[in-house]
Amino acid sequence: MRTLSLNLMSEVHELSQAAHDRLQAEFEHLTTVGRVEIARKIEAARELGDLSENGDYHAAKDEQGKMETRIAQLGALLRHSRIVKADNTDTVSVGSVVTIAYEGDLENNETYLVGSIEERHDGLDVMSPASPLGSAIIGAQVGDTVSYESPSGQNLSVRILALEQ
C-alpha cells in the first residue's frame with residue numbers, strides 16, 4: 001500500500017467561504033459520483049480481456065490513482081482549513097486583491113489575490129500570505145512601501161498601489 005505524504009496537514013489553510021464551498025462540492029462529487037464512474041470504467045476495461053496489454057484498463061487505473069490523490073488532498077485541506085472573510089478595512093489581509101509595483105518600476109504593476117492557492121478569482125494570480133512577499137504586505141495600506149527578502153536572498157521593495165476587499 002502506498003502512503004501519501006501531504007504537507008497540507010501541518011498548517012491551517014485560510015479559505016474564503018466561496019472557495020471552501022467549491023472545494024467541499026468537488027470532494028463530495030469525487031467521493032461519490034467520481035468513484036462510481038471510475039469503477040465502471042475499470043470494470044468495462046476488465047471485460048476486454050488480458051489486463052497486461054489492456055490500455056483502457058491501465059488508463060482507468062491511472063485516472064483512479066489521480067482521483068484518489070485529489071480526494072486525499074482535498075480531505076486534508078478541508079480538515080485543516082479556516083474560513084476567513086476579508087476585513088472591510090484599508091489594510092491588506094487574506095482575501096484582499098492587491099496591486100503592487102516593485103521599487104523603481106512603478107509603470108509595471110501586478111495584481112494578486114492574497115490567499116490559498118485553491119482560491120480562484122477572475123483569473124488573478126494568487127499570492128500565499130505565508131510567502132515572503134505575502135507576509136510582508138499583510139497589514140500594509142495603499143501608498144505603503146514594504147521590503148522583504150526574496151527566496152534567492154535579494155532584498156526587494158514593493159509599493160501598494162491599490163486594494164480591494
Side-chain angles (χ1 to χ4, degrees), residues 1-48 51-88 91-100 110-140 146 148-154 156 158 163-165:
M1 175 182 246
R2 247 181 348 158
T3 302
L4 293 174
S5 174
L6 298 173
N7 290 332
L8 297 173
M9 295 180 206
S10 62
E11 63 182 89
V12 173
H13 296 276
E14 296 178 327
L15 299 171
S16 67
Q17 183 67 55
H20 185 273
D21 292 348
R22 181 180 46 76
L23 295 172
Q24 184 67 43
E26 180 184 356
F27 180 79
E28 289 173 9
H29 175 79
L30 291 176
T31 57
T32 56
V33 175
R35 283 183 170 153
V36 170
E37 288 174 355
I38 199 67
R40 286 184 185 146
K41 286 181 182 179
I42 291 170
E43 185 59 35
R46 280 188 177 151
E47 291 175 3
L48 298 175
L51 298 182
S52 65
E53 296 182 17
N54 186 330
D56 289 346
Y57 176 78
H58 293 291
K61 290 297 282 183
D62 186 51
E63 184 180 343
Q64 180 186 38
K66 289 177 183 175
M67 183 180 71
E68 291 300 328
T69 298
R70 179 65 176 160
I71 288 170
Q73 177 190 32
L74 288 170
L77 195 147
L78 290 167
R79 277 191 306 278
H80 300 281
S81 66
R82 178 169 51 113
I83 296 172
V84 295
K85 187 175 182 179
D87 295 330
N88 287 327
T91 62
V92 177
S93 62
V94 173
S96 298
V97 175
V98 62
T99 301
I100 62 168
E110 301 172 2
T111 302
Y112 296 97
L113 170 68
V114 180
S116 166
I117 194 67
E118 293 291 344
E119 297 282 349
R120 293 191 184 127
H121 190 283
D122 301 329
L124 292 175
D125 288 330
V126 177
M127 178 189 307
S128 169
S131 70
L133 176 55
S135 62
I137 67 171
I138 294 291
V146 297
Y148 71 100
E149 186 175 322
S150 73
S152 66
Q154 185 178 11
L156 300 171
V158 296
L163 176 64
E164 298 173 41
Q165 298 294 349

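Throughout, numbering of the chain's residues begins at 1 and tracks the sequence.
For the 3.5 Å distance criterion, the side chains of Q64 and E68 fail to qualify, holding no donor opposite an acceptor.
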I would like to know whether Y57 and L48 meet side-chain contact (heavy atoms from CB on, under 4.5 Å); could you show each step before the answer? CA-CA 9 Å; Y57 176 78; L48 298 175; over 6 Å; no
Test L15 against L77 for side-chain contact (heavy atoms from CB on, under 4.5 Å), laying out the working first. CA-CA 10 Å; L15 299 171; L77 195 147; 3.5 Å; yes
Could you go step by step and tell me if Y148 and V158 meet the side-chain contact (heavy atoms from CB on, under 4.5 Å) rule? CA-CA 9 Å; Y148 71 100; V158 296; 4.2 Å; yes
Test side-chain contact (heavy atoms from CB on, under 4.5 Å) on Y112 and V97; report intermediate values, then the result. CA-CA 6 Å; Y112 296 97; V97 175; over 6 Å; no
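Interatomic distance, T111 OG1 to L163 CG, rounded to the nearest 0.5 Å: 11.0 Å. Atom OG1 of T69 sits about 11.0 Å away from atom CG of L30, to the nearest 0.5 Å. Distance check: R82 CZ to H13 NE2 gives 12.0 Å after rounding to the nearest 0.5 Å. To the nearest 0.5 angstrom, E28 atom CD is 9.0 Å from L78 atom CG. Put simply, CG on D62 and CE on M67 are 12.0 Å apart, with the number rounded to the nearest 0.5 Å. Between the CD1 atom in I100 and the CE atom in M127 there is a gap of 4.5 Å [rounded to 0.5 Å].
Contact detail for N54 and A45: the closest heavy-atom pair is ND2-O, 2.6 Å. Nearest heavy-atom pair, R35 versus I38, reported as atom, atom and distance to 0.1 Å: O-CG2, 3.3 Å. Listed here is the closest heavy atom pair of P129 and V114: CB-CG1, 4.1 Å. The shortest heavy-atom contact between V126 and G115 is CG1-O, 3.2 Å.
The salt bridge (charged side-chain N to carboxylate O under 4.0 Å, His left out) check on E37 picks up nothing, with sequence neighbours excluded. With sequence neighbours excluded, the residues forming a side-chain hydrogen bond (donor to acceptor under 3.5 Å, both in side chains) with S150 are S152, listed by chain and number.
At least one side-chain heavy atom of L23 sits less than 4.5 Å from a side-chain heavy atom of E26. By the 4.5 Å heavy-atom criterion applied to side chains, D125 and E110 are not counted as neighbours.
Around atom CZ of R40, no more than 12 heavy atoms belonging to other residues, nucleotides or ligands sit under 6.0 Å away.
The main-chain N or O of I42 is never found under 3.5 Å from a side-chain atom of R46 such that the two would form a donor-acceptor pair.
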